[in-house]
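In what follows, a structure is listed as C-alpha cells, so that the remarks can point back to it.
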Amino acid sequence: MKTVVSDSAFTTEEIGFYLGYNLPYGSVIALFGDLGAGKTAFTRGFARGMGISSDVSSPTFALVNEYHSGNKSLYHFDMYRISGWDDLYSTGYFDYLDTGASLIIEWSENIEEILPEDCIRITIEKTDKENERIISIDGCDDVEITCC
C-alpha cells in the first residue's frame, strides 16, 4: 500500500492524473472517503490522465456518468444511495464491468462485497488541516507516484 499526502484539491487531482495516465486501461478504481474528501477531484484528474477532456462532475443524481475519448471510456459511478441488490442492478454496474472499460466508483463502501478482487482501492481521508488529505492506494504497488 502507498500513502500520499495532498495539500490541496489541485494536488489530489494531480495524483488522480498520474494514476489515470499510468494504470492499464480497464482498471476498476474503488474510492472510499467521506463527503467532501476529494473523490470527484481525484476522478477529474484520473480522466485527464486517460486523455479524456470532458468536464467531470459528481454523478450523485445520475448514478453513473460516461466519459469517452477515442477508443477509451471511463464510467464514473456514485454508489452513495445504493442500499441493496435492486438499487445496484438499476445502475447497470454489472453490464459496465463487462465492457472492459475503466470504472471509477465513489462510495465503494456501499458495494464493497461485490467489488472485483483485483480492483484498486483508494481511500481519501481528511485531516485536521483544511485542505490536507491522506490518500492510501492499495492494488498498484508497481506504479510510482512522483507527482507529490
_One pair to check against side-chain contact (heavy atoms from CB on, under 4.5 Å): R81 and D87. What are the steps and the verdict?_
CA-CA 8 Å; R81 291 183 171 81; D87 289 345; over 6 Å; no
Could you tell me which non-hydrogen atom of [X] sits nearest to which non-hydrogen atom of [Y], and how far apart they are?
| X | Y | result |
| --- | --- | --- |
| A9 | A41 | O-CB, 4.2 Å |
| C140 | L23 | CB-CD2, 3.8 Å |
| P24 | S27 | O-OG, 2.6 Å |

Euclidean distance, [Y] [atom2] relative to [X] [atom1], rounded to 0.5 Å:
| X | Y | atom1 | atom2 | result |
| --- | --- | --- | --- | --- |
| R133 | D7 | CZ | CG | 11.0 Å |
| K39 | T123 | NZ | OG1 | 10.5 Å |
| C119 | I104 | SG | CD1 | 11.5 Å |
| L74 | I52 | CG | CD1 | 5.0 Å |
| E109 | L115 | CD | CG | 9.5 Å |
| I134 | K129 | CD1 | NZ | 9.0 Å |

Is the shortest side-chain heavy-atom distance between [X] and [Y] below 4.5 Å?
| X | Y | value |
| --- | --- | --- |
| V28 | I120 | no |
| M1 | I137 | no |
| N65 | S57 | yes |
| Y25 | K72 | yes |
| I111 | L88 | yes |
| S6 | I15 | yes |
| F46 | L19 | yes |
| T12 | I135 | yes |

*side-chain hydrogen bond (donor to acceptor under 3.5 Å, both in side chains) between T40 and T43, worked out*: CA-CA 5 Å; T40 301; T43 302; 5.7 Å; no
Check the surroundings of atom [atom1] in [X]: do more than 12 heavy atoms from other residues, nucleotides or ligands lie under 6.0 Å from it?
| X | atom1 | result |
| --- | --- | --- |
| F32 | CZ | yes |
| I114 | CD1 | yes |
| E113 | CD | yes |
| D98 | CG | yes |

Does [X] share a hydrophobic cluster with [Y], counting links as ILVMFWY side-chain heavy atoms below 4.5 Å and allowing steps through other members?
| X | Y | answer |
| --- | --- | --- |
| I124 | Y18 | yes |
| I29 | V4 | yes |
| L31 | L35 | no |

_Pair E66-H76, side-chain donor/acceptor within less than 3.5 Å_ =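 Checked: E66/H76 side chains show no N/O donor-acceptor pair below 3.5 Å.
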*Is a side-chain donor or acceptor of S69 paired with a backbone partner of G51 at a separation under 3.5 angstrom?*
yes
*Can any side-chain N or O of E13 pair as donor or acceptor with the backbone N or O of G38 at less than 3.5 Å?*
no
*Charged N to carboxylate O below 4.0 Å: is that the case for R121 and E112?*
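So R121 pairs with E112 through a salt bridge.
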*Between E132 and K126, is the closest basic N to carboxylate O distance under 4.0 Å?*
no
*What ring pair (Phe, Tyr, Trp, His ring centres under 6.0 Å) pairs are there with at least one residue in residues 92-113, not counting sequence neighbours?*
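The answer is Y75-Y96, F77-Y93, F77-Y96, Y80-W107, Y89-F94.
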*What residues join F10 in its hydrophobic cluster, counting side-chain heavy atom gaps under 4.5 Å, either direct or through other members?*
none
